[in-house]
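All values below come from the heavy atoms of this structure, side chains included, with hydrogens, waters and symmetry mates left out. Sequence lines set the chain letters: A, B, ... in the order given, protein chains first and strands last, and positions in each chain run from 1.
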Amino acid sequence: MSGERTELAPRYTPGAVEPRVYERWLASGAFTPAAEPPAGADRFVITMPPPNVTGSLHTGHALFVTAEDVMIRYHRMRGDDTLWVPGVDHASIAAQFVLDKLLAAEGLDRASLGREAYLERMWAFMDETRDVISLQLRRLGASADWTRNRFTMDDGSARAVRVAFKRLWDAGYVYRGEALVNWCPRCRTTISDLENIHREQSGTLWTIRYHLAAADGGVDPDRWIAVATTRPETLLGDVAVAVHPEDDRYRSLVGEEAVLPFLGRRLPIIADAAVDPAFGTGAVKITPAHDPDDYEMGKRHGLTPISILDEEARVNAAGGEFAGLDRFEARTRIVERLEAMGDLEGAKPHPMVVGHCDRCGTVIEPRLSVQWFIRTADLAARALASVREGRTTIIPARFEKVYAHWLENIRDWAVGRQLWWGHRIPAWFCPDGHITVSDEAAGPSACATCGRPAADLTQESDIFDTWFSSGLWPFSTLGWPDETPDLRRFYPTSVMETGYDILFFWVARMMMLGLFLTDVEPFHTVYLHGLVRAEGGVKMSKTKGNVTDPVELIDEIGADAVRMGLTSGTSPGNDQRLTMAKLESARNFANKLWNAARFVLGAEPEPPVGTEPEATPSLAEAWIRSRTAEAVADATRRLDRLDLGGYVGAVTDFAWNDFCDWYLEMAKVDLRDAAAAPAARWRTWRASVDVLADLLHLLHPITPFVTEEIWGALGAAVPEKGESLLMTARWPEPGPRDLAAEAAIDGLAETVRAARNLRTDAGVPAGATVALHLVPSSPAAADGAEAVRRYLEPLARVRLELLPPGTPADARAVATALGPIWLDADAAPATAPNADRVEELRRNHARLVALLADPAFTGRAPAAVVERERARLADLVERLRQVGVDPGSG
RNA sequence: GGGCGGUUAGCUCAGCUGGUCAGAGCGUCUCGUUUACACCGAGAAGGUCGGGGGUUCGAGCCCCUCACCGCCCACCA
């Protein structure tokens with residue numbers, strides 16, 4: 001038994017063990033699936049949201065890492081064929097935003113560098129940042145397969161993007177057309193509707209006079225139509241004035257022309273039912289190139305849009321004297337000029353909703369341009385059906401409605417971005433106007449329509465929306481489009497875990513693309529965690545400066561505590577405030593576990609000599625084994641339901657209350673019983689080791705480091721317990737329950753608490769041992785009391801004195817499951833401390849008597865419920881009788 | 001303008017298909033140098049589960065309504 005012993009350090013210091021433990025895990029190769037799946041094993045594959053390559057993880061990310069790692073570790077211990085592919089996302093717009101700022105600090109910009117040099121800089125930048133996130137993930141304990149580490153800009157992703165786009169194109173799901181899109185003048189790119197953040201703002205509603213054209217071809221100074229607008233600068237692009245067809249004020253003007261100020265353009269006055277006569281003046285200027293409503297109306301009336309802003313939202317040549325001005329300068333100038341001309345009829349404050357760029361906050365400009373679109377109607381319908389028909393389940397379920405609502409109202413996806421960092425759209429234009437889409441890395445060899453050679457073709461300069469490649473993640477990371485062994489073995493994946501904030505951005509897109517390209521749902525469960533908020537309840541963001549680096553927290557209190565602090569007491573989809581107090585109590589738990597293990601390891605008795613017969617289990621052992629069985633079943637059930645908060649709560653509760661507070665205290669009694677046979681002491685110790693081992697298994701998914709470290713020491717002491725890693729040990733099966741033992745210890749615990757209360761009430765010094773009198777309420781209770789005497793006496797610091805059944809209870813007695821108890825007279829106070837307790841018994845008794853007398857209850861409630869209430873009443877009657885109170889008839 | 005979530009002990013939050021569901025941690029108060037742990041142990045106080053209706057034998061849990069707080073979606077100039 002001697003062998004090598006790994007002693008646990010006297011004090012728990014997480015920083016000392018974590019890196020070493022992670023190295024052992026890595027070296028074991030167990031993060032990587034075996035070459036062949038274990039026979040008959042279930043599959044469990046996590047789809048993780050690849051974080052943005054440019055950023056480092058904040059504490060919010062630590063939650064997703066924890067949730068996924070808990071799941072994957074649990075399933076690995078179950079013996080499932082598990083895989084977790086880690087990786088990062090190239091985040092084109094975010095990456096360019098960051099790099100542009102770096103360049104600006106050097107006095108450089110995108111334009112002066114040019115595309116090629118810019119991308120070189122970007123790759124160099126990537127090499128610096130790419131590993132930061134991997135390192136953070138490792139510090140958190142992520143048991144991901146690093147041999148499969150991926151990047152959405154790697155060759156595999158690039159190929160998947162090309163093939164995916166080609167298939168969409170070939171199936172008619174891609175089109176190119178002119179449309180009004182969301183344009184960010186600062187990022188100089190199109191963005192999707194999702195990235196266009198609407199914010200309420202106070203604006204101004206100006207009323208402007210447009211004079212009517214005079215019969216002689218000039219401008220009529222006395223006749224005008226007043227239009228209301230919040231954007232006077234766009235008048236430069238006006239092509240009409242619209243009124244409601246039923247509006248009597250303007251009916252006679254329809255068909256006439258107004259004259260555009262400054263530019264003199266003739267604007268037909270048209271009638272359209274979309275105009276709200278009650279708003280403003282009831283007359284609207286129509287600017288199809290700069291307003292979505294106007295664009296639609298322009299199409300209805302055959303009006304040609306006029307764009308008046310360039311890509312940086314400065315007035316272009318079409319703006320006449322205002323050309324070159326920024327849109328907001330132009331607004332000011334135009335208002336001033338109109339006022340001077342006497343054509344500004346009014347201006348009043350007007351609350352309005354304005355779209356802003358999600359990335360940089362700039363006001364979004366609707367811009368008319370030719371774009372690549374993915375037709376979403378069919379794709380969305382399939383994605384919707386998958387969830388409706390239960391092939392994919394979203395947790396929590398309420399997000400299924402959110403998901404459905406979005407997909408039901410989805411618009412076509414403008415996938416092109418006028419950026420450089422990203423996957424270039426694999427489409428080539430031929431001088432004759434034909435488009436060739438190719439999935440070859442080298443591009444097409446010739447125009448697919450007319451056969452002109454590749455040399456004559458030019459590739460589209462736009463790149464894809466980042467989410468296009470992210471949307472392929474579950475299968476592009478497994479080798480798709482090739483039918484690789486990985487794809488066959490690990491696809492579709494099991495659980496897709498992410499925050500609810502990217503339900504539309506990512507989850508919905510993965511569903512749409514996955515179903516189209518692979519004909520199957522990319523995952524059967526979507527688990528959405530809530531957001532982690534800072535202490536004050538505010539959202540964490542870099543600009544607010546309240547982002548905490550998880551690595552700093554880990555250095556301070558350990559990765560296990562960070563993981564536990566982030567998951568305990570949480571429920572999916574609900575935000576949480578992460579407080580230092582919560583993290584500290586998680587750290588305290590790790591410390592507690594550490595010390596409990598130190599105790600168990602240090603309590604090893606002399607082994608018995610071989611001739612001694614094996615001892616029978618003590619009551620304490622029978623009880624803790626039964627409790628362990630329940631804990632195993634409970635933890636397993638909760639993990640299977642992805643109830644992570646419940647799992648953490650249940651397993652820590654078991655560890656702290658059942659194992660540490662009660663079992664170890666009882667085990668001490670058995671271990672230190674000098675009168676007991678060595679075999680009995682040995683058996684008790686072995687039971688402690690067994691239960692500790694089971695407990696470590698249960699805790700491992702949430703606190704992998706501390707449990708692995710303890711496991712190592714346990715294995716050194718008891719080789720058959722842990723020769724290898726806990727990480728790959730088998731998840732325990734629940735053993736049989738022993739309800740008799742549980743009832744016995746429940747009775748013991750109640751009696752100990754009651755005795756402790758009596759001591760406190762009586763002011764007995766903590767160290768003193770006093771006599772405790774008990775009148776067993778039955779012969780069985782007498783036996784029960786004898787059975788727990790060995791534990792009761794030291795735990796309550798009393799000498800138990802059993803009195804003959806029927807002995808009248810003392811006036812200060814308290815009722816327990818075993819019978820009335822009271823302290824020795826000289827230790828007890830003169831008053832009757834149990835008056836309140838008796839009163840409570842009486843109240844409950846009265847309530848139950850009334851309830852059971854009600855035929856409505858006994859008649860309609862299920863028999864089991866009525867039975868339970870009857871039993872409870874009987875217990876109350878017994879306890880009242882114990883303390884000398886006659887319950888009477890009620 | 002739609003939709004969703006929250007409102008449970010001083011604080012932060014759990015509460016599964018209505019029947020020990022009135023809970024946990026932290027905080028507070030009182031004890032405690034028992035050889036695992038003061039990052040601890042023992043004990044205690046503290047809530048008519050936002051307000052008001054309703055369904056039911058029985059409701060934090062279901063229905064209606066109101067009030068705040070927050071979020072998501074939404075092209076009205």
Completion exercise
Of the listed B:U20, B:C16, B:G43, the closest approach to the A:Arg868 side chain comes from B:U20
Fill in the blank from the handout: Regarding the side chain of A:Leu664, the nearest nucleotide among B:A77, B:A36, B:C73 is B:A36
Fill in the blank from the handout: Atom NZ of A:Lys401 and atom C1' of B:G2 are separated, to the nearest Å, by 13 Å
Practice task
Quick one: look up who B:G1 pairs with, Watson-Crick or G-U, both distances under 3.5 Å, and put none if it's unpaired.
Solution key: B:C73
Problem - Gap between atoms CG and P, on A:Leu8 and B:C37 respectively (whole Å) - result: 13 Å
Problem - A:Asn591 (side chain) and B:C37 (base): donor-acceptor pair under 3.5 Å - result: no
Handout entry: Close side-chain approach of A:Trp662 to A:Leu795, heavy-atom, < 4.5 Å
Key = yes
Exercise for the section: Check whether the ring centres of A:Tyr500 and A:Phe399 lie less than 6.0 Å apart, and answer yes or no. Expected result: yes
Practice task
Could you check how far CG of A:Leu876 sits from P of B:U20, rounded to whole Å?
Solution key: 15 Å
Handout entry: A:Asn595 vs B:C39: side-chain N/O to OP1/OP2 distance below 4.0 Å
Key = no
Problem - Atom pair distance, as rounded to whole Å: CZ in A:Phe505 and P in B:C72 - result: 11 Å
Practice task
Provide the distance between the two C1' atoms, one in B:G32 and one in B:G23, to the nearest whole Å.
Solution key: 27 Å
Problem - Between B:A9 and B:G1 - C1' atom distance, rounded Å - result: 39 Å
Handout entry: Shortest side-chain distance from A:Asn588, nucleotide among B:C40, B:A77, B:C26
Key = B:C40
Practice task
Give the rounded distance in Å between these two atoms: CG of A:Leu601 and C1' of B:A36.
Solution key: 10 Å
Fill in the blank from the handout: By nearest-heavy-atom nucleotide on RNA chain B, the more 5' of A:Trp662 and A:Phe589 is A:Phe589
Practice task
Report yes if the side chains of A:His290 and A:Leu180 come closer than 4.5 Å at any heavy-atom pair, otherwise no.
Solution key: no
Practice task
Could you check if a side-chain atom of A:Val227 sits within less than 4.5 angstrom of a side-chain atom of A:Arg209, using non-hydrogen atoms only?
Solution key: no
Completion exercise
Out of B:C73, B:U20, B:A77, minimum distance to the side chain of A:Thr229 belongs to B:A77
Fill in the blank from the handout: The residue, A:Val752 or A:Ala581, whose nearest nucleotide of RNA chain B is more 5′ is A:Ala581
Exercise for the section: Take atom C1' in B:C11 and the same atom in B:G46, then report the distance between them in whole Å. Expected result: 13 Å
Exercise for the section: Would you state whether a donor and an acceptor, one from the side chain of A:Lys592 and one from the base of B:C39, lie under 3.5 Å apart? Expected result: no
Problem - Euclidean distance for P, B:C13 against B:C4 (whole angstrom) - result: 23 Å
Handout entry: Syn/anti label of B:G70 as read from its glycosidic torsion, with the cut at 90° from 0
Key = anti
Exercise for the section: Round to a whole Å and report the spacing from NE2 of A:His198 to C1' of B:C72. Expected result: 13 Å
Practice task
Tell me whether the OP1 or OP2 atom of B:A36 has a side-chain N or O from A:Arg672 closer than 4.0 Å.
Solution key: yes
Handout entry: Atom-to-atom span, CD of A:Gln576 to P of B:G25 - whole angstrom
Key = 18 Å
Exercise for the section: Please determine if a side-chain N or O atom of A:Arg398 lies less than 4.0 Å away from the OP1 or OP2 oxygen of B:C4. Expected result: no
Handout entry: Nearest-angstrom distance, P atom, B:C49 to B:A59
Key = 12 Å
Handout entry: Heavy-atom side-chain proximity of A:Leu714 to A:Leu601 below 4.5 angstrom
Key = yes
Problem - More than 12 heavy atoms from other groups under 6.0 Å of CZ on A:Arg249 - result: yes
Practice task
Using the P atom on both, measure B:U33 against B:A38 and round to a whole Å.
Solution key: 14 Å
Practice task
Classify the ring geometry between A:Phe504 and A:Trp406 as parallel (under 30°), tilted (30 to 60°) or perpendicular (over 60°).
Solution key: parallel
Exercise for the section: Return the nearest nucleotide to the side chain of A:Asp661; candidates are B:U20, B:G41, B:A77. Expected result: B:G41
Handout entry: B:A14 versus B:G50 - spacing of their P atoms, nearest Å
Key = 14 Å
Handout entry: Residue A:Arg11, side-chain atoms from C-beta onward, closest of B:A77, B:C39, B:A36
Key = B:C39
Practice task
Select one nucleotide: of B:A77, B:G19, B:A42, the one nearest the side-chain heavy atoms of A:Arg756.
Solution key: B:A42
Problem - Any donor-acceptor N/O pair under 3.5 Å between B:A36 base and A:Glu665 side chain - result: yes
Exercise for the section: Using the C1' atom on both, measure B:G19 against B:G53 and round to a whole Å. Expected result: 23 Å
Practice task
May I ask you to verify if any side-chain N or O of A:Asn574 is less than 4.0 angstrom from the OP1 or OP2 atom of B:A14?
Solution key: yes
Problem - Among B:A36, B:G19, B:A77, the nucleotide that comes nearest once only the side chain of A:Arg598 is considered - result: B:A36
Exercise for the section: Indicate whether OP1 or OP2 belonging to B:C39 is found under 4.0 Å from a side-chain N or O atom of A:Arg587. Expected result: no
Problem - Under 4.0 angstrom between A:Trp656 side-chain N/O and B:C37 OP1 or OP2 - result: no
Problem - Donor/acceptor link under 3.5 angstrom from A:Lys668 side chain onto base of B:A36 - result: yes
Handout entry: Distance, rounded to the nearest Å, where A:Leu528 contributes CG and B:G5 contributes P
Key = 14 Å
Exercise for the section: Determine whether A:Asp291 and A:Thr234 make a side-chain contact, defined as any pair of heavy atoms from C-beta on separated by less than 4.5 Å. Expected result: no
Problem - Side chain of A:Ala766 - closest among B:A36, B:C31, B:C73 - result: B:C31
